[in-house]
2 protein chains.
Amino acid sequence: MNESLTPPAVTLDEIAKAAGVSSSTVSRILNGTAKVSRAKQQAVEAVIEKFNYRPNVLARSLASGKTETVGVLTQTVASPFYAEWLRGIEDSLHEPGLTPFFMSCRWNVAEEKSRIEQFIARRVDGIIVLHGQLDEASLASFARQTPIVVLGRSLNNVPGLAGLPIDNVQGARDMTRYLIAQGHRKIAFIAGPTTHIDAVQRLLGYRLALEEAGIRFSSQRIEQGDFLEAGGVDAMARLLARKAAFTAIFCANDQTAYGARLTLYRHGLRVPEDVSLVGFDDVPTSQYSTPPLTTIRQPIYELGRQAAAAIVRLIRKEPVTLTPVSLDLIERETVSAPRLPSRSPVPVT
Amino acid sequence: MNESLTPPAVTLDEIAKAAGVSSSTVSRILNGTAKVSRAKQQAVEAVIEKFNYRPNVLARSLASGKTETVGVLTQTVASPFYAEWLRGIEDSLHEPGLTPFFMSCRWNVAEEKSRIEQFIARRVDGIIVLHGQLDEASLASFARQTPIVVLGRSLNNVPGLAGLPIDNVQGARDMTRYLIAQGHRKIAFIAGPTTHIDAVQRLLGYRLALEEAGIRFSSQRIEQGDFLEAGGVDAMARLLARKAAFTAIFCANDQTAYGARLTLYRHGLRVPEDVSLVGFDDVPTSQYSTPPLTTIRQPIYELGRQAAAAIVRLIRKEPVTLTPVSLDLIERETVSAPRLPSRSPVPVT
DNA sequence: TTGTACGCGTTATCAT
DNA sequence: ATGATAACGCGTACAA
């Protein structure tokens with residue numbers, strides 16, 4: 001190819017020389033740190049333009065001791081859910097002049113820890129963790145080096161560490177109550193991974209609502225999913241295979257609901273005419289699924305903004321008080337009154 | 001709160017002192033640059049452990065002149081499409097020890113340029129641009145400072161710059177041929193943004209296939225979408241409102257197809273019994289939509305890996321030859337033979 | 001094998 | 001207002 005690649009970048013010193021001023025003057029012009037005569041100002045700016053000079057961020061950070069960045073740790077990047085969070089974070093970090101630094105750890109605790117260490121090694125000003133399975137002690141320990149905000153978890157009040165919990169129990173309870181109010185009493189539930197706190201809480205909310213309505217909780221109507229479409233497909237198939245009786249299905253998240261929906265379709269069961277189906281999360285595509293999915297809406301984008309605002313306050317050493325976010329039920333088109341009360345739908349195949 | 005936040009981080013020098021060796025020895029142990037006696041080795045490692053020391057990446061990069069990072073520029077982050085690309089890139093960059101640095105520019109050319117400059121200011125070793133609207137001259141100019149790989153575009157052979165084109169024309173042509181082979185002759189097309197090269201190419205492929213089959217291209221069957229669900233909803237509604245005659249609908253991407261599907265549903269039209277529907281991209285959720293969508297598969301994840309491999313070679317100043325990627329048709333369940341040949345479906349409302 | 005000293009590109013603290 | 005000069009934390013010739 002060509003050997004003239006990546007010529008040594010122009011430095012501040014070279015600009016200073018070319019403009020006939022000291023390097024401090026150039027630095028001052030760059031940062032507006034102090035008054036500089038208009039003459040020199042313009043001379044320097046001309047040279048900068050000519051050489052197409054861009055300050056080296058690394059050197060700048062090393063000297064100033066601040067990086068103006070915040071590390072954002074996601075579990076996965078391949079999820080509509082996380083994408084919305086990131087958008088909120090990015091938007092909200094833009095105004096305070098902070099640059100987000102995204103990394104993902106694929107639901108792997110060891111990697112989660114290693115990523116956080118990488119962030120710290122990069123001297124980020126703060127860290128936002130989305131979900132996260134790291135134990136609270138470790139988090140608190142890391143937080144002594146850099147402020148951390150954890151989205152989706154409730155955390156004890158430690159300096160430099162804040163958790164923004166999401167009230168999954170309330171959301172799941174509301175949804176279950178809603179189904180009951182529509183006349184359903186046999187409500188199946190496709191759960192998420194038992195290792196996932198959100199999944200556990202949603203199952204709990206479902207159970208609580210049943211009990212308060214005097215409906216017996218039956219493990220016969222519970223199936224295990226994995227928060228992904230594939231898990232929904234399989235769980236739904238198992239539910240049908242064992243001829244569980246239900247008139248509605250509550251899925252632990254929207255992706256699970258999509259999977260369940262496909263299996264129902266394969267069995268010739270219509271939604272919502274034959275069976276009602278609901279999800280949880282309200283990912284962006286849920287309003288466009290066919291039919292549009294009734295679900296519990298997490299204000300994902302807004303949560304991202306809140307997390308960003310919180311980390312900014314933490315960085316500025318201002319107090320933060322995060323209140324649990326409540327979730328709203330979004331009524332769309334996958335629920336109707338039970339077709340045949342107290343009779344299970346008959347699988348076609 | 002508490003004032004003991006972010007205590008000044010431990011430095012290499014302090015480790016050296018505490019271990020009773022020179023700083024260079026610590027550095028050598030950290031990087032394995034030279035042989036060090038086992039005694040000192042262990043002493044230093046003990047101290048590092050004790051102080052929980054983590055080298056400052058900034059200082060390290062500044063001194064070594066290399067950052068071991070690559071900037072990844074996406075147009076948006078809120079898309080299943082980009083998520084898969086990122087996953088491929090991340091996975092593939094992991095092994096060479098490079099850290100990706102994600103930023104998005106929201107389809108804004110000015111921001112795209114500014115982001116690239118930020119990457120360069122951060123002295124990334126290389127840049128991967130996903131799509132990108134920046135003109136080739138600017139890209140070539142940037143490439144003189146840092147190698148760049150652009151995914152989804154064909155680029156002239158400039159040193160340090162490589163484009164990985166995607167054959168959208170072929171993909172769209174194949175899909176159209178497939179529909180024709182199933183007996184369809186009145187095929188509607190919901191296009192993407194005319195500013196988007198991919199969208200233009202897909203429309204072209206559709207047109208070429210029609211012409212080679214001796215079918216008249218009719219603008220009556222073309223509607224404008226926006227590559228998002230909302231655009232698909234509206235475009236489909238317009239198509240129906242104007243009573244355009246068609247037995248199949250080819251959408252410029254999967255998201256558009258989801259929107260169109262919803263409008264069809266609202267009008268009581270079944271897919272594929274009443275009308276066939278196909279998309280383009282094969283985003284991860286397409287195999288789980290109801291019914292699963294017939295579409296053109298882009299090997300998105302694999303493309304991400306290829307881009308990463310390419311930038312690695314570019315960084316190492318090795319030659320790269322990128323060949324256009326061909327796209328495969330994924331036959332699923334949204335296409336059937338036309339129900340009423342040469343008669344348009346009758347909208348219910 | 002180990003230590004000294006300098007350089008990386010910038011900011012910040014002094015004088016002037 | 002401006003300019004030397006010392007950090008910032010680390011890598012690395014060079015010397016020992």
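Each chain gets a letter, A, B and so on, in the order its sequence line appears, and its residues count up from 1. Note that the structure is predicted; figures quoted are calculated from it, not measured.
- OP1 or OP2 of C/dT2 sits under 4.0 Å from a side-chain N or O of B/Ser37.
- Contact annotation: A/Ser22 does not reach the phosphate of D/dA4 (side-chain N/O to OP1 or OP2, under 4.0 Å).
- When rounded to the nearest whole Å, the span between CG of B/Leu12 and P of D/dT12 equals 12 Å.
- For D/dG9, the OP1/OP2 oxygens have no side-chain nitrogen or oxygen of B/Thr11 closer than 4.0 Å.
- Contact annotation: side chain of A/Thr25 to base of D/dA1, donor-acceptor pair absent below 3.5 Å.
- Of the candidates D/dA4, D/dC8, D/dC10, the closest approach to any side-chain atom of B/Ala59 belongs to D/dC10.
- Using a cut-off of 4.0 Å between Lys/Arg side-chain N and Asp/Glu carboxylate O, B/Arg153 and B/Asp198 are scored as not salt-bridged.
- The side chain of B/Lys40 contributes an N or O atom lying less than 4.0 Å from OP1 or OP2 of C/dG3.
- Dashed line: the shortest gap from a side-chain N or O of A/Arg60 to OP1 or OP2 of C/dG9 is not under 4.0 Å.
- For the OP1/OP2 pair of C/dT10 and a distance below 4.0 Å, the side-chain nitrogens and oxygens of A/Tyr53 include at least one atom meeting the criterion.
- With hydrogens and angles left out, the side chain of A/Ser23 and the base of C/dT11 share no donor-acceptor pair within 3.5 Å.
- At whole-Å resolution of the value, CG in B/Leu58 and P in D/dG9 are 11 Å apart.
- Put simply, the side chain of B/Arg123 and the base of C/dG9 share no donor and acceptor less than 3.5 Å apart.
- The closest donor-acceptor contact from the side chain of A/Asn108 to the backbone of A/Ala110 lies under 3.5 Å.
- Between B/Arg87 and B/Glu84 there is a salt bridge, since at least one side-chain N of the basic residue sits less than 4.0 Å from a carboxylate O of the acidic one.
- Whole-Å rounding puts the A/Arg28 CZ to C/dT10 P distance at 15 Å.
- Regarding contacts with the backbone of C/dC8, every side-chain N or O of A/Asn56 stays at 4.0 angstrom or more from both OP1 and OP2.
- Distance A/Leu30 CG to C/dG9 C1': 12 Å, rounded to the nearest Å.
- Using a 4.0 Å cut-off between charged side-chain N and carboxylate O, B/Asp135 and B/Lys113 make no salt bridge.
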